Every structure is written in C-alpha cells, then in structure tokens.
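Note that the structure is predicted; figures quoted are calculated from it, not measured. No hydrogens, no waters, no symmetry mates; every other heavy atom, side chains included, goes into these values.
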Amino acid sequence: MQPLSILFPLVFVAFVGFICAKLKLLSTEHFNGLRHFFFNIAIPTYLFISMYQADLSQVLSANVMLSFYGPVFLIYVLCAAFFKVLKNMTLSDSAVLALGCTYSNTVLVGLPIIITSLGAQYGALVFIIITFHSALLFALTFACSAKQERGFIDLIKPLFVNPIVLSISGGLLANSLSIPIPDPLQSALSLLAQPAIAGALFVLGGSLVNYAIKQAWQQALILSVAKLVVLPFGVYALARWGFELDIKTVAVVTLMSASPLGVNAYLVARQLGIQQAVMASSVALSTLLSVLTLSLWLTALIP
C-alpha cells in the first residue's frame, strides 16, 4: 500500500484539476492565470529557497550527475538512431522523438514523489541535477533539427532566462557564496512557495484536457515505454551497479528518470513544427501510464 499512499494525494490533486478543466468549472483564462502564477512565481520561489537552504556538501557529486545524464544521453542517441535508420525518418523527426523518450517532467511529477517518499532533504539533489536537464536535451534537439528558422543561439536563449533555471541557479549561487538572507524574508519566501507543488499538479491535470492520446497512440506508446521503463532501468543500473551509489540516491535519480514526458517537449515540437501529434499524445499517455510504472518503481526502490 505504500506506493498508493505516496501517489494517491498527488494523482488526486491532478485529477481535480482535470475535472475542473473538463467540466469548465474554471475557464481557460483562469488556468492561464494560475499557470503564470505557479510557474513564474510560486515554483521558482520554492526552488530558490530550497536551494538556498540546502546542504550542498551532501549533494554535489560527479558520479550522481553521470548516473543520470549518462543513460539520458545514450538513450537519446539510440532512440534517434532507431527512428532514423529503422523507421526511415529524417534527423529532425528522429531528434524530436528521441526528446520524447528522455525528457522528464521532474518538477511537476518527480519532485513531489521524491519529497513525499524520501523526504524534503532530497529536494536539493533533484534541483542540482535538473539545472542542466532542459539545456542539454533541448540543445541536442535544436542542433539536430533541420527546420530551424532562427539561429541556434536564438533558439536556446529562452532556456537561460527560464524562471526554473534562474531560480535554481540563483539559490545555488547565494548558498555557495553564503549571501545572508534575513530570517523574516526567508519565512516570507517559504510562505509564498507553499502552494507550489499542489498548484503545479492542479495545473498539470487541467492541461491534460488539451492532449488527445488517440491522435498517434502507437508511436506514443513506443515513446512512453522508452521513457517510463527503458530509461529509468538504465539509470538504475548505472547508479546501483556502475557507481554503487547509496540506495536513496539511486532511488532519487531513478524516480527522476521514471517521471512522464514533460509538456515542454511538446512545446519544442510545436516550435519546430515536427511530430506535434505524437508528442502531444505521448505527454498524455506517459502521464497516465506513469501512475502504474511509478508504483512499480516505488515498490522496488523504497524499503
């Protein structure tokens, strides 16, 4: 029952958001307002204050970074080669689909699960790892895409002014330089950050109304299996047997990689005009299937 007790509150909040959107209890304008608040204010504040208060000496490790990004990079390359060679797709299409096999919805799904199952102290490890997540995978995809209408620098520039990246980087910098933040201000920031996780899950549920699995479910299923099964098993194997990390760190990197496909991957596909239906279907399908696969991973990983 432990995986159920961990996942049920998170799934419930997302389901309430889905119902509110489906029944139009909240309008599109309402959800847009909530999305702007949570993703531009509440979540960045949460990430900043958490990173600022973290004990960095316990989370900075090259082995941990390699245990996550090594399999991510390898699976990306293998999936791109699979779609290009065996499916006879262009490099652009293959790169976008490879992104769908490797890009994790860590902030909205992985982070709440890790904090709930392992404890808030492991949030700092998650923040350190995901700092480079979007930059690496989006840069690879843009570099492989032959349909760039703008220069490479213009395409990746938004990654470095992203509120998520800036908040984590700012908190890391302030922490490492021991920049003092008065306790009353820290308390105020913590209060502003409190609704971040629940609100993000609520908005995530509402956004699933916009994605139809039936558009391209066969390819979406292939991407979902790669994302929810193949990638996390690769991360688990390298972390557990390659670098012999402690069991809770193994659980953190595995659960991060086992999170469903993030919505931003679909936005990249839409920006490039490539495989949009497949990526939209994959976001919805992988999110639904992740309830089952994450339950299995939690059963295997959490004592």
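Atoms OG and CD1, from Ser50 and Ile43 in turn, are 11.5 Å apart once rounded to the nearest 0.5 Å. Atom CD1 of residue Ile114 and atom CG of residue Leu298 lie 9.5 Å apart, to the nearest 0.5 angstrom. Between the CD atom in Gln275 and the CG atom in Leu223 there is a gap of 9.0 Å [rounded to 0.5 Å]. For the atom pair Leu47 CG and Leu172 CG, the distance stands at 12.0 Å (nearest 0.5 Å). Summarising the geometry, atom OG1 belonging to Thr249 is positioned 6.0 Å from atom OH belonging to Tyr122; distances are rounded to the nearest 0.5 Å. Rounding to the nearest 0.5 Å gives a distance of 7.5 Å between OG of Ser290 and CG of Leu288.
No side-chain heavy atom of Leu140 sits under 4.5 Å from any side-chain heavy atom of Leu99. Residues Ile41 and His36 have side chains not in contact (no heavy-atom distance under 4.5 Å, counting atoms from C-beta outward). Residues Val109 and Leu294 meet the side-chain proximity criterion, which asks for heavy atoms closer than 4.5 Å. Put simply, the side chain of Val203 does not reach to within 4.5 Å of the side chain of Phe37, judged on heavy atoms. Counting only heavy atoms from C-beta outward, the side chains of Met279 and Ile274 never approach each other to under 4.5 Å. Counting only heavy atoms from C-beta outward, the side chains of Val230 and Cys79 never approach each other to under 4.5 Å. Inter-residue side-chain proximity for Val64 and Phe243 is flagged as unmet; no heavy-atom pair is nearer than 4.5 Å. Side-chain contact between Lys84 and Thr90: absent, with no pair of heavy atoms (C-beta onward) separated by less than 4.5 Å.
A donor-acceptor pair under 3.5 Å links the side-chain atoms of Ser27 to the main chain of His30, judged by distance alone. Looking at Ser286, its side chain does come within 3.5 Å of a backbone N or O of Leu261 through a donor-acceptor pair. Asn105 places no side-chain N or O within 3.5 Å of a backbone atom of Gly262 that could act as its donor or acceptor partner. Tyr52 places no side-chain N or O within donor-acceptor distance of the main-chain N or O of Gln186, the cut-off being under 3.5 Å. Tyr76 contributes no side-chain N or O that, together with a main-chain N or O of Tyr103, makes up a donor-acceptor pair within less than 3.5 Å.
Counted within 6.0 Å of CZ on Phe82, heavy atoms from surrounding residues, nucleotides or ligands total more than 12; the atom is thus considered enclosed. Shown here is Phe15, whose CZ atom has no more than 12 heavy atoms of other residues, nucleotides or ligands within 6.0 Å. Heavy atoms from other residues, nucleotides or ligands lying under 6.0 Å from CZ of Phe18 number more than 12.
Nearest heavy atom pair, residue Ala226 against residue Pro232, reads O-CD, 4.3 Å.
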Would you sort out whether Arg240 and Leu245 count as a side-chain contact (heavy atoms from CB on, under 4.5 Å), showing the intermediate values?
CA-CA 6 Å; Arg240 180 73 184 274; Leu245 302 177; over 6 Å; no
Checking side-chain contact (heavy atoms from CB on, under 4.5 Å) for the pair Leu26/Leu34: CA distance, chi angles, key distance, verdict?
CA-CA 10 Å; Leu26 293 175; Leu34 289 171; 4.2 Å; yes
Applying side-chain contact (heavy atoms from CB on, under 4.5 Å) to Phe38 and Leu108, what does each step give before you reach the verdict?
CA-CA 11 Å; Phe38 288 120; Leu108 300 191; over 6 Å; no
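The hydrophobic clustering, which links ILVMFWY residues whose side-chain heavy atoms are closer than 4.5 Å, places Leu185 and Leu191 apart. A single hydrophobic cluster is not seen to contain both Leu177 and Ile128; linkage of ILVMFWY side chains at heavy-atom distances under 4.5 Å, directly or through other members, places them apart. The cluster map of Ile, Leu, Val, Met, Phe, Trp and Tyr, joined by side-chain heavy atoms under 4.5 Å apart, puts Val85 and Leu97 in the same cluster. By the rule that hydrophobic residues join a cluster once side-chain heavy atoms approach within less than 4.5 Å of another member, Val77 and Met65 end up as members of one cluster.
In this structure, a donor-acceptor pair under 3.5 Å is absent between the side chains of Ser259 and Lys227. Counted by atom type alone, Tyr46 and Ser167 present zero donor-acceptor pairs between their side chains at under 3.5 Å.
Under the side-chain contact (heavy atoms from CB on, under 4.5 Å) criterion, Val16 pairs with Phe12, Cys20, Phe202, sequence neighbours left out.
Using cut-offs of 30° and 60° on the angle between ring planes, the pair Tyr236 and Trp297 is tilted.
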